[in-house]
Amino acid sequence: MVEAFAVASGKGGTGKTTSTLALGMALAEDYDVTVIDADTGMANLLFHAGLDDADVTLHDLLVDERDAAVSDAVYERFGMSVVPCGTSLTAFEAADPGRLRDVVAELAADTDVLLLDSPAALGSKSAVLPVVLADRIVVVLQPTVPSLSDGLKVQEYAHSYGTDTAGVVFNRVRPDENVDRIAEQAGRYFGGQTLASVPESDAVRAARREGKPLLAHAPDGPAADAFREAAARLDVCDGDGREVAERFKNAVVPERI
C-alpha cells in the first residue's frame, strides 16, 4: 500500500516542515513512512532532522548527469526514511524539477506513506509539482483569515489537477486566538476535516536548535499530542505501490502556474 500526501500551505512561517516531520513520526508508529523535502528552493527539513551534513540530497538526484542512486539520499531517522534536500542555490539552479517524478516513483514502490514537504508558494514548476504528484494535500494554516485565503489558493490549484484535500492542521495557535470560529469557516471551504489544532510551543524552536523533530525532542508536550491526534484522523488509503509509482513516473509537469 502507499499514499502520497503533500503537506502544503499558502505562505511561509506556518510551520509546514515541523508539521511534516511530526505527522511522519506519528504515522510511523503504524506505517512505513518516507518523508521527502520537496521544497527544492528553500529547503530546511535537513536542519530539523539533524541531516545538515548529509553527503547526498535530493538535489543530487535531480541533475542531468547524476552519479547517486535514489537510495543514497535516503536516511533512516526517528523511525522514518528521510530524503533531505540541499540548500545550495547553484544546485537548485542545476536541478530539473521534472526528475522529481522518477525519484518519487521509485520511493513509492517501497513505503506505505509518502509525505512531501512542499514549497509554500505556487510561483514555479518546482513549487507546484509536489501538489500535483500527491494523492491528497494536508493544508497547514494559522488561525487567521489571510492564512485561510492563502491556503484556499493552494487547494484550488491542487483540485484543478485532481489532488484532493485530506484535511487541515491549524498550527502555532496562541491562547488568545479563536480557532473554533476560524475552523468553522475552514470547514465550509476546505475538503477533509480539521485534523488538529496545534498550540504555539517553545519546544518547536528548541527542537530545531537540537536538530530533532518535535516528537523526538518533546514527545509528551501538548503540541506533540496534537500532531498525534492529526495523524490518527488522517485515514491512509490502501493504494497499489506499483500503480502509484507508474502514475508518478508519467505525471505531466504543469505548464501553467
Side-chain angles (χ1 to χ4, degrees), residues 4-9 12-62 66-92 95 100 103-104 106-107 110-120 130 138 140 169 171-172 198-228 230-231:
F5 297 93
V7 183
S9 65
T14 59
K16 182 169 49 57
T17 299
T18 295
S19 300
T20 302
L21 286 170
L23 289 171
M25 281 194 65
L27 289 167
E29 296 178 7
D30 297 305
Y31 303 99
D32 289 329
V33 175
T34 300
V35 174
I36 306 171
D37 190 350
D39 191 350
T40 56
M42 298 291 287
N44 67 3
L45 186 146
L46 72 173
F47 302 117
H48 291 253
L51 288 169
D52 46 307
D53 59 348
D55 291 329
V56 180
T57 73
L58 182 63
H59 273 159
D60 297 299
L61 306 180
L62 301 183
R66 77 185 197 209
D67 296 323
V70 171
S71 59
D72 294 334
V74 180
Y75 301 85
E76 299 303 320
R77 293 290 190 277
F78 307 103
M80 306 173 288
S81 297
V82 180
V83 181
C85 188
T87 58
S88 164
L89 178 59
T90 301
F92 169 66
L100 183 64
V103 172
V104 175
E106 185 169 334
L107 293 168
D110 192 32
T111 194
D112 296 330
V113 177
L114 275 170
L115 291 176
L116 302 168
D117 185 16
S118 306
V138 174
V140 180
V169 172
N171 193 33
R172 303 185 62 183
V198 183
E200 180 75 87
S201 172
D202 291 336
V204 173
R205 289 179 287 275
R208 173 163 178 167
R209 288 194 300 269
E210 194 175 336
K212 289 183 177 180
L214 172 66
L215 268 66
H217 173 75
D220 300 321
D225 289 343
F227 278 118
R228 288 195 190 91

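Index from 1, following the sequence.
Within the 4.5 Å cutoff, the side chain of Asp112 has no heavy atoms near those of the Leu27 side chain.
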- [ ] Assess whether side-chain contact (heavy atoms from CB on, under 4.5 Å) is satisfied between Leu45 and Val82, documenting all intermediate values.
- [x] CA-CA 9 Å; Leu45 186 146; Val82 180; 3.5 Å; yes

TODO: Please report the C-alpha distance between Asn171 and Phe227 in whole Å, then the side-chain angles of each, then the deciding distance to 0.1 Å, and finally whether the side-chain contact (heavy atoms from CB on, under 4.5 Å) criterion is met.
DONE: CA-CA 9 Å; Asn171 193 33; Phe227 278 118; 3.8 Å; yes

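Remark: the backbone N or O of Asp117 is not paired with any side-chain donor or acceptor of Lys16 at under 3.5 angstrom. Using a distance-only test at 3.5 Å, with no hydrogens or angles considered, a donor-acceptor pair links the side chain of Ser88 to the main chain of Ala91.
In terms of heavy atoms, Val140 sits closest to Ser19 at CG1-OG, 3.8 Å. Closest approach of Gly24 and Met80 over heavy atoms only: C-SD, 3.3 Å. When every heavy atom of Ala43 is checked against every heavy atom of Gly86, the shortest pair comes out as CB-O, 3.4 Å. The two residues Leu115 and Thr20 make their nearest non-hydrogen contact at CD1-O, 3.5 Å. Between Pro84 and Leu46, the shortest heavy-atom contact is CB-CB, 3.8 Å. Residues Asp225 and Asp220 come closest through the heavy atom pair OD2-O, 4.1 Å.
Within the model, atoms CG of Asp55 and OH of Tyr75 stand 5.5 Å from one another, a figure rounded to the nearest 0.5 Å. The CZ atom of Phe47 lies 11.0 Å from the OG1 atom of Thr17; values are rounded to the nearest 0.5 Å. Here the straight-line distance linking atom CG of Asn44 with atom CG of Asp52 works out to 11.5 Å at 0.5 Å rounding. Considering NE2 of His59 and CG of Leu89, their distance stands at 9.0 Å, rounded to 0.5 Å. Distance check: Ile36 CD1 to Ser81 OG gives 10.0 Å after rounding to the nearest 0.5 Å. Here Leu214 contributes atom CG and Ser201 contributes atom OG; the two are 6.0 Å apart, rounded to the nearest 0.5 Å.
Among residue pairs with one or both ends in residues 21-50, those qualifying as salt bridge (Lys or Arg N to Asp or Glu O under 4.0 Å) are Glu29-Arg228; sequence neighbours excluded.
Between Leu100 and the choices Thr40, Leu116, Leu58, the side chain to side chain contact (heavy atoms under 4.5 Å, CB included) rule is met once, by Leu58.
The local environment of CG in Asp110 is sparse, with at most 12 non-hydrogen atoms from other residues, nucleotides or ligands closer than 6.0 Å.
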Which atom pairs, one a donor and one an acceptor, fall under 3.5 Å between side chains of residues 203-211 and the rest of the protein, sequence neighbours left out?
unit_1	atom_1	unit_2	atom_2	d
Arg205	NH2	Asp202	OD1	2.5
Glu210	OE1	His217	ND1	2.6
Glu210	OE2	Lys212	NZ	3.0

